[in-house]
Amino acid sequence: MRSGRTSGDTSAGTPPQPQGRTQPSWFIARGLLPKRGPRRTLALATFISMIGNGLFMTGAALFFTRSVGLSVTQVGLAMGVAALVGLVAGVPAGRVADQYGPRETYLVVQCVQAAAMAALVLVHSFWAFVLTISLTQLAASAGTAARGPLTRGFAGPSPTKYRSYLRAAGNLAGACGAVMAGVVVQIDTRGAYVALVLANALSFLLCAAVVTRLPHLPPMRTPEPASESEASPADQWLVLKDGPYIVVTVLDSVLSLQGYVLVFALPLWIVGHSEAPQWLIGACAVVNTLMVVAFQVRASRGVVDNTSAGVGAARSGVAFLLGMTAIAVAAGMPAWLAAVLIVAGVVVHTIGELWHSAASFELSFGLAPAHAQGQYSGLNATGTGLAGSLAPSVLALFCITWGVPGWLALGGVFVLAGLAMPYAVRWAERARPTAADQAEGSVVDQGVGVPGCRAGRPSPTPRA
């Protein structure tokens with residue numbers, strides 16, 4: 001139905017339109033901004049949070065070394081410990097979100113993150129730094145687990161498309177934060193670095209303030225067991241018994257290593273193993289960010305179920321191999337040819353990143369029971385978090401120590417993980433609830449944020 005004309009407008013050839021309907025804005029019509037409601041609110045909260053993330057991640061290392069006075073080795077050790085500590089928070093925090101509601105859990109976690117982040121400006125010793133940064137990482141992991149069911153609850157009938165939109169918006173916000181951090185780095189004073197950390201803490205509070213505008217999502221009712229003999233306390237930790245989903249998570253975590261290729265391995269490769277100009281490092285980062293912002297939502301359009309997600313993961317593995325091959329063979333080439341090969345490799349690698357992200361979003365939603373979205377989101381976050389902790393060592397070994405053969409070998413690992421994903425997905429689908437249960441969940445999804453429908457009405461299963 002067309003909209004945009006109000007009562008009294010009787011232009012020739014145009015029938016009167018219902019009152020109260022207005023034409024959507026240019027931004028909404030082109031998918032650049034969600035319609036007014038929970039999805040726009042959650043997108044705004046995400047954008048604010050990611051500005052702070054980009055601000056902090058860009059200037060954190062300099063704050064720790066130049067302002068706090070820690071050595072690079074101490075910073076690296078503390079960050080590694082914090083990353084490992086954060087891994088334990090995912091599944092428990094997800095279970096809390098499943099029991100008490102993701103909105104309330106996410107609000108508490110954001111406030112904890114704000115407090116822990118602000119406490120960093122009071123740190124002046126190594127052990128205090130380890131304790132504080134570990135608390136921030138615990139809260140970050142818990143926040144990721146709680147955000148999964150929160151996003152799923154308000155995403156509507158196309159959760160992968162909406163999650164892709166949030167990723168694109170988050171990348172844009174992170175880039176804005178990085179630009180702001182560049183100003184702080186240029187000033188290079190204790191006061192400037194303290195302001196950077198406090199600004200990130202403020203972003204958590206602002207995010208929490210925006211999230212309070214979201215409606216409450218009641219916890220999903222756990223399906224009743226078929227018999228008393230089937231009831232078990234272990235069912236409270238359902239995800240830890242879901243072998244097929246664990247396999248999918250392992251494969252997805254292996255593929256997630258690709259996210260560190262362009263930010264860790266590529267800069268070292270350009271500087272130490274190619275004749276390409278060093279300014280190409282920043283240019284490649286810009287190319288990657290712009291492609292994610294512009295094409296992530298489009299890349300999700302063909303990913304509509306678990307099967308298509310498995311295919312997307314397989315395609316992404318091939319793209320990673322092709323992109324990494326182009327980057328690897330740039331070694332020893334003339335500067336202009338090396339630059340061309342590296343940029344081409346970055347473009348192809350980013351295409352694979354878009355496919356993998358869309359597939360990962362769909363599988364994290366589609367394979368998880370509705371009443372345990374938090375647990376499953378937490379396990380997924382734990383897997384990718386562990387991969388992130390191992391990424392520097394793995395990439396240093398493959399891409400820097402082993403050189404060109406290592407780039408090709410790691411690309412081959414991505415191909416194998418991608419090709420195995422469709423089989424793991426089919427195995428996981430055979431262990432899912434019945435199709436009739438799935439259909440009930442999809443009706444609830446379409447009712448989120450719609451007048452007359454209760455958002456988050458208890459339902460035993462996720463989307464179809």
Side-chain angles (χ1 to χ4, degrees), residues 24-57 97 101-107 109-111 113-114 140 143-180 199-200 202-217 289-301 303 354 357-358 360-362 364-365 373-374 377 381 445-451 455-456 463:
S25 71
W26 185 87
F27 294 99
I28 295 176
R30 286 157 181 79
L32 301 177
L33 187 68
K35 294 180 180 180
R36 187 182 300 275
R39 293 171 202 167
R40 182 186 294 187
T41 301
L42 185 56
L44 175 60
T46 300
F47 193 85
I48 293 172
S49 177
M50 291 306 296
I51 287 179
N53 185 70
L55 182 68
F56 181 73
M57 293 303 295
R103 173 183 172 272
E104 289 70 21
T105 305
Y106 191 62
L107 279 173
V109 169
Q110 290 298 98
C111 293
Q113 281 190 279
T144 300
R147 189 170 61 246
L150 187 68
T151 302
R152 181 65 186 88
F154 293 118
S158 301
T160 298
K161 182 178 179 180
Y162 179 64
R163 183 63 184 84
S164 296
Y165 172 83
L166 292 182
R167 180 171 190 259
N171 271 260
L172 178 60
C176 294
V179 172
M180 298 178 193
N200 188 31
L202 179 61
S203 74
F204 291 123
L205 293 178
L206 292 176
C207 176
V210 173
V211 170
T212 60
R213 299 168 55 192
L214 292 172
H216 171 64
L217 281 176
T289 300
L290 291 178
M291 287 185 65
V292 171
V293 171
F295 301 117
Q296 183 62 74
V297 175
R298 183 174 300 180
S300 71
R301 291 177 182 172
V303 183
L354 299 175
S357 296
S360 181
F361 297 153
E362 177 65 30
S364 67
F365 292 136
Q373 286 278 329
S377 176
D445 294 338
Q446 298 181 32
V448 172
V450 179
R463 68 184 296 277

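- Taking 4.5 Å as the limit, some side-chain heavy atom of Met180 sits within range of a side-chain heavy atom of Ile51.
- With 3.5 Å as the limit, one finds a donor-acceptor pair spanning the side chains of Gln296 and Arg167.
- Taking both residues in full, the closest heavy atoms of Ala175 and Thr289 are given as CB-CG2, 4.2 Å, listed atom of the first, atom of the second, then distance.
- Closest non-hydrogen pair, Phe365 versus Gly148, comes out as CE2-O, 3.7 Å.
- Side-chain atoms of Arg103 never come within 3.5 Å of backbone atoms of Leu217 as a donor-acceptor pair (strictly under, hydrogens ignored).
- Distance OH/Tyr106 to CG/Leu150: 7.5 Å, rounded to 0.5 Å.
- Here Asn53 contributes atom CG and Thr46 contributes atom OG1; the two are 11.5 Å apart, rounded to the nearest 0.5 Å.
- In terms of modelled atom types and a separation under 3.5 Å, the side chain of Ser357 and the main chain of Leu354 share no donor-acceptor contact.
- Minimum interatomic distance between Ser377 and Pro149 (heavy atoms only, all atoms of both residues): CB-CD, 4.1 Å.
- The shortest non-hydrogen separation linking Ala45 to Val211 is CB-CG2, 3.9 Å.
- Taking all atoms of both residues into account, the shortest heavy-atom contact from Pro215 to Phe154 is O-CZ, 3.4 Å.
- Residues Ile48 and Cys207 share a closest heavy-atom pair of CG2-N, 4.1 Å.
- Taking CZ of Arg152 as the reference point, atom OG1 of Thr160 lies at 8.5 Å (rounded to 0.5 Å).
- Summarising the geometry, atom NE2 belonging to His216 is positioned 5.0 Å from atom CD belonging to Glu104; distances are rounded to the nearest 0.5 Å.
- Annotation: the span from Leu42 atom CG to Tyr162 atom OH amounts to 4.0 Å, rounded to 0.5 Å.
- Separation of atoms OH (Tyr165) and CZ (Arg39) is listed at 12.0 Å; rounding is to 0.5 Å.
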